[in-house]
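Only a predicted model underlies this, so the values are computations on that prediction, with no experimental measurement involved.
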Amino acid sequence: MTPRPKPGSKADRDALRYDMTAVGCTITDIAVEMRTRYGMRPREAWRHARGWTLQEAADRITQVSSRHRGEAVAADASLLAKWEKWPGPSARRPTPHVLLAMADAFACRMEDLLDLDDRRALPDADLRLLSGAASSPEPTPDTRTAATAIPEPSGSELVRLAADESATWAQWAEASNVGDIALDQLMADARALASDYLTADPLPLFVRTRRLRDRVFGLLEGHQHPRQTADLYVVAGYVCGLLTWMSSDLGQLRDADTQGRTAWLCAELAGHNDLRAWVLSTRSKVAFWDGRLRDAVNYARRGAAYSPTGTVGVLLACQEADAWSQLGAETEALGALARAEGARDTMSGEDEVGGIFACQPARQENYVAAVELRIGRPSDALRAADNALTLLKTQPVRAYGTEAQIHISKAAAHLATGEAEGAFEALAPVLALPPDHRMEPVTRRLGELPVDRNRASATGRVRLRAAIEEFRLNSAPRHFALSPGEGPA
């Protein structure tokens, strides 16, 4: 049995239009039914009655307007959507010339495009012009354009109309769909998500973050003051940065890259250097785990070039060192670690968001341990890992992902020096993580442990390999990859 389309969906509208056409209904009948059934505004109903997308209708309106006397109409999908929703919030009033072009494009009367709410909200000058056009004789096909043209105002009527138009625009420009308190709350919500991600289950938090993104995107599609628009882009950039980080932790690197590009667009539109730096940090992380190590280095260096405040400069230098060490470039890796220390010493300001968008000393030492391991200094790596664990105990919030990676570095250092028992002990907290906390970086690093290249007994190696494999098979990225595809997007 074919499932019924969701009410109001495109499939549902197409089916309604097909059924009504099949029984002989006119376009007017279909538009009326669309309005009644789906609660559409008149102009939107006429567009859907024709089966046109916003862009298709906008192109037709622009084309037919060139045939009319007076101003041409330059329509696009965004502007048409605002004309359709008027006089609702964040909408745009269609002028008489726009209504004339719409009526011509839809092959209907101008009065068909207006309801009571429209007429109450239209300026008196517009109503008089529309009434004059509506009272014209019914046009023939050859005289349609001339007969329905809006008469050009003149004299005092022209001056009054210009004043009405300016007043209407000023009212629109002054209005905003978001206030300063709401903006503060949106940023507070972003901070809470960034902090909660350090300790909470990732999938429920992903759903919450996606909802916040949708709220911010919805506000950006409306109208607000330029300063408020910039602030909304900042929130949107941080939230998309969070989704970038979360997506990569779930092993979805391609989706993470998409989120990262959107976050970068928001940072550019906001003109916000700290956000630019944090977005480039998230993109460096994605590139690292995707094996694009040169890209990871370049993103980290680009981020540092913005001279950001807070701890992002420390993290960017650590990420650069991480990528260099994976490439086997010891000198460059150690140089980047030294720059991380320098960034910590010269740091100015506080992190705007915090949480996952912060680089506390324990997180920095975690990078040091990983780099020291890759360049063949297991003793230094063990010292850095122990230092990181000590620092972690002093932090009010202990990030389970960072703590797990520190223990893995410690285990790897023990294995490199032939201390198998120390490795088993270091891995115990990692192997005890609940499946929902077993993120991709942790499972990847665990899988890279040199289990077969140490002096542990054969039985010990087999037991460790089995524990690691069970961990990886029962991890959050694997569960996510094997899900039926109904999770968050």
Side-chain angles (χ1 to χ4, degrees), residues 178-200 205 208-213 215-217 219-220 224-246 248-249 256 259-286 299-319 340 342-364 395-397 399 401-402:
V178 63
D180 290 343
I181 293 177
L183 282 168
D184 289 345
Q185 184 60 53
L186 291 170
M187 182 59 85
D189 291 344
R191 291 191 187 100
L193 291 167
S195 177
D196 290 348
Y197 189 61
L198 299 176
T199 57
L205 204 66
R208 287 171 52 197
T209 307
R210 181 188 178 213
R211 286 174 182 161
L212 180 59
R213 179 207 63 184
R215 283 170 54 201
V216 178
F217 280 2
L219 290 169
L220 280 167
Q224 55 280 149
H225 303 308
R227 171 185 58 81
Q228 294 170 326
T229 300
D231 289 345
L232 282 173
Y233 276 123
V234 171
V235 178
Y238 277 119
V239 172
C240 286
L242 271 173
L243 291 173
T244 305
W245 208 285
M246 294 175 182
S248 66
D249 280 352
Q259 297 283 3
R261 283 189 287 271
T262 304
W264 177 251
L265 173 63
C266 293
E268 288 286 273
L269 291 170
H272 193 287
N273 282 346
D274 281 3
L275 175 57
R276 286 184 175 114
W278 276 114
V279 171
L280 288 167
S281 172
T282 63
R283 301 201 72 183
S284 179
K285 165 187 160 64
V286 174
Y299 282 135
R301 286 184 164 182
R302 282 176 58 194
Y306 284 105
S307 302
T309 61
T311 61
V312 64
V314 180
L315 183 59
L316 286 162
C318 288
Q319 290 175 306
R344 175 79 64 188
D345 293 338
T346 59
M347 186 177 66
S348 63
E350 300 290 331
D351 293 313
E352 188 170 27
V353 173
I356 197 66
F357 291 132
C359 185
Q360 301 300 336
R363 192 176 187 183
Q364 181 179 353
Q395 294 179 193
V397 176
T402 298

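Within the 4.5 Å cutoff, no side-chain heavy atoms of Trp245 are placed close to those of Thr209. Counting heavy atoms from C-beta on, the side chains of Asp184 and Met187 never come closer than 4.5 Å. Residues Arg344 and Pro361 form a side-chain contact, since some pair of their non-hydrogen atoms from C-beta on lies under 4.5 Å apart. Residues Tyr306 and Leu280 are in side-chain contact: their nearest non-hydrogen atoms beyond the backbone lie under 4.5 Å apart. Using a 4.5 Å cut-off on side-chain heavy atoms (C-beta onward), Leu316 and Arg301 make no contact. Counting heavy atoms from C-beta outward, Leu315 and Trp278 have side chains that approach closer than 4.5 Å. The shortest side-chain heavy-atom distance between Leu193 and Val239 does not fall under the 4.5 Å cut-off. Contact check for Thr311 versus Phe357: no side-chain heavy atoms found under the 4.5 Å cut-off.
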Evaluate the side-chain contact (heavy atoms from CB on, under 4.5 Å) criterion for residues Asp196 and Arg208: first the C-alpha distance (whole Å), next the side-chain angles of each, then the deciding distance (0.1 Å), finally the verdict. CA-CA 11 Å; Asp196 290 348; Arg208 287 171 52 197; 3.3 Å; yes
Any chance you could lay out the side-chain contact (heavy atoms from CB on, under 4.5 Å) test for Gln228 and Asp180, step after step, and finish with the verdict? CA-CA 8 Å; Gln228 294 170 326; Asp180 290 343; 3.6 Å; yes
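For the atom pair Ser307 OG and Asp274 CG, the distance stands at 10.0 Å (nearest 0.5 Å). Atom-to-atom distance recorded for Ile356:CD1 and Leu242:CG is 8.0 Å, nearest 0.5 angstrom. Residue Leu186 holds its CG atom at 12.0 Å from CD1 of Ile181, rounded to the nearest 0.5 Å. Between Gln364 atom CD and Cys318 atom SG the span is 4.5 Å, to the nearest 0.5 Å. A distance of 12.0 Å separates CG in Leu269 from CG in Leu232, rounded to the nearest 0.5 Å. Taking CD of Gln224 as the reference point, atom CG of Leu183 lies at 8.0 Å (rounded to 0.5 Å).
When all heavy atoms of Val312 and Ser281 are compared, the pair lying nearest together is CG2-CB, 4.5 Å. Shortest non-hydrogen contact noted between Met347 and Gly310 is CG-O, 3.0 Å. Across all their heavy atoms, Ala267 and Val279 have their closest contact at CB-CG2, 4.4 Å. Residues Cys240 and Ala263 share a closest heavy-atom pair of CB-CB, 3.7 Å. Shown here for Glu350 and Thr309, the closest heavy-atom pair between the two residues is O-OG1, 4.2 Å. Between Ala194 and Val353, the closest heavy-atom pair is CB-CG1, 3.6 Å.
With Ser195 contributing its side chain and Arg191 its backbone, the two residues share no donor-acceptor pair below 3.5 Å.
For Asp189, the salt bridge (Lys or Arg N to Asp or Glu O under 4.0 Å) partners are Arg215, not counting sequence neighbours. By the side chain to side chain donor-acceptor pair (under 3.5 Å) test, Gln395 is found to be paired with no residue, residues two or more places apart in sequence or in another chain being considered.
Within 6.0 Å of CZ in Arg261 there are more than 12 heavy atoms belonging to other residues, nucleotides or ligands.
Listed by first and then second residue, the side-chain hydrogen bond (donor to acceptor under 3.5 Å, both in side chains) pairs involving residues 230-243 are Tyr238-Glu352 (not counting sequence neighbours).
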